[in-house]
Asker: 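Here it is, the structure, as structure tokens.
In each ligand, atom 1 is the first atom listed, and ligand 1 is the first ligand listed. Because the structure is predicted, anything quoted here is derived from the model rather than measured.
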Amino acid sequence: MKVLIYGIAGTMGKIVYETCKNNPQIDGIVGVDKFANANDYTIPVYNDVNNVKESVDCIIDFSVKAALPDIINYSVKNNVPCVLCTTGYDKNDLALIEEASKKVAVFRSGNMSVGVNALVKLVSEAAKLLGLYSDVEIIEQHHNKKVDAPSGTAIMLADAVKSQIDGLNIINGREGQCGRRTKNEIGMHAVRGGTIVGKHEVMFIMNNEVVTLKHESENKGIFAEGAVKAAVWMANKPAGKYDMLDVLGLK
Ligand SMILES: NC(=O)c1ccc[n+]([C@@H]2O[C@H](COP(=O)([O-])OP(=O)(O)OC[C@H]3O[C@@H](n4cnc5c(N)ncnc54)[C@H](O)[C@@H]3O)[C@@H](O)[C@H]2O)c1
């Protein structure tokens, strides 16, 4: 199959490129990146997706939120499934994704690793068992170049808790929130520094005991492996919304 890597000059794009080159199921790679120099590559690389001449079977995107409309337009116009790994989308972006998924296969996940997606399931189970008895706090840690906070993964974990307990609000950072903690909230805390790839902790805090579920990413290769796995799985899928739990058969 042929893959288009969106954001190929970025940190993740470069790792995805290497991962695709080593995957025997992929026999063609095209790149798009607003700031790439096509002369640096032995494959076709474009600054604008509208100039892509080759036909492809799937898009893998690790770029920026602002690129979403271009990716969606290309994907719908050419009926090419897309694997959206970029994080930091707002309500309008999510509405755009929802609309597109009626016409083409759209995959989106804030975290492409097997471990984190299993953690989402575990957190949902823990929330079912402990949610009524505990205060939930989420702590996420990332490198000092990350542009969004809280992380897409932290939002996935909060959503897993919310799926089991009605009426929870996210409280980011607790700045100025000196009053007593209420039961209907999830505390969300972001740490940024150095080269931390990604650490996530979900704490179920009760009186005199704490249950913590935790995941640590040791390198970014796990996200690229997951993205390529998803792209191979997505090729030829009918219109709809998909995520990593579909790819891993964990639903
Ligand atoms: N889902 C996951 O598992 C996962 C894992 C890691 C990173 N991410 C997310 O992936 C995204 C990219 O991360 P990164 O560390 O590679 O960032 P990066 O800044 O290193 O790379 C982004 C690339 O996008 C390019 N770009 C910028 N604007 C563009 C545009 N309008 N059109 C096309 N290309 C454009 C940049 O030139 C750059 O090469 C972030 O949102 C990050 O949070 C997701």
Asker: Just jot down the salt bridge (charged side-chain N to carboxylate O under 4.0 Å, His left out) partners of Arg181, sequence neighbours excluded, or say none.
Answerer: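 Arg181 satisfies salt bridge (charged side-chain N to carboxylate O under 4.0 Å, His left out) with Asp135, Glu137 only.
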Asker: So, Asp243 and Lys241, do they make that salt bridge, N to O below 4.0 Å?
Answerer: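 The answer is no: the pair does not qualify as a salt bridge.
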Asker: Would you verify whether the NZ or CZ of Lys237 falls within 45 degrees of the ring axis of Trp233 while also being under 6.0 Å from that six-membered ring's centre?
Answerer: yes
Asker: Under a single-linkage rule joining Ile, Leu, Val, Met, Phe, Trp and Tyr whose side-chain heavy atoms are separated by less than 4.5 Å, which residues share a cluster with Tyr46?
Answerer: Leu4, Tyr6, Val30, Val32, Val49, Val52, Val56, Ile59, Leu68, Ile71, Ile72, Tyr74, Val76, Val80, Leu84, Tyr89, Leu94, Leu96, Ile97, Val104, Val106
Asker: List the residues meeting salt bridge (charged side-chain N to carboxylate O under 4.0 Å, His left out) with Lys14, not counting sequence neighbours, and say none if there are none.
Answerer: none
Asker: For ligand 1, run through the N/O pairs with the protein that fall under 3.5 Å and put one pair on each line.
Answerer:
residue, atom, partner, partner atom, Å
ligand 1, 1 (N), Cys85, O, 3.0
ligand 1, 1 (N), Ser109, O, 3.1
ligand 1, 1 (N), Gly110, O, 3.2
ligand 1, 3 (O), Met112, N, 2.9
ligand 1, 16 (O), Thr11, N, 3.4
ligand 1, 16 (O), Met12, N, 2.8
ligand 1, 20 (O), Thr11, N, 2.9
ligand 1, 20 (O), Thr11, OG1, 3.0
ligand 1, 34 (N), Lys34, N, 3.3
ligand 1, 37 (O), Asp33, OD1, 2.6
ligand 1, 39 (O), Gly10, N, 2.9
ligand 1, 39 (O), Asp33, OD1, 3.4
ligand 1, 39 (O), Asp33, OD2, 2.6
ligand 1, 41 (O), Thr87, N, 3.1
ligand 1, 41 (O), Thr87, OG1, 3.4
ligand 1, 43 (O), Thr87, OG1, 2.7
ligand 1, 43 (O), Lys146, NZ, 3.3

Asker: Could you give the distance from CD1 (Ile139) to NZ (Lys214), rounded to the nearest 0.5 Å?
Answerer: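 Between atom CD1 of Ile139 and atom NZ of Lys214 there are 9.0 Å.
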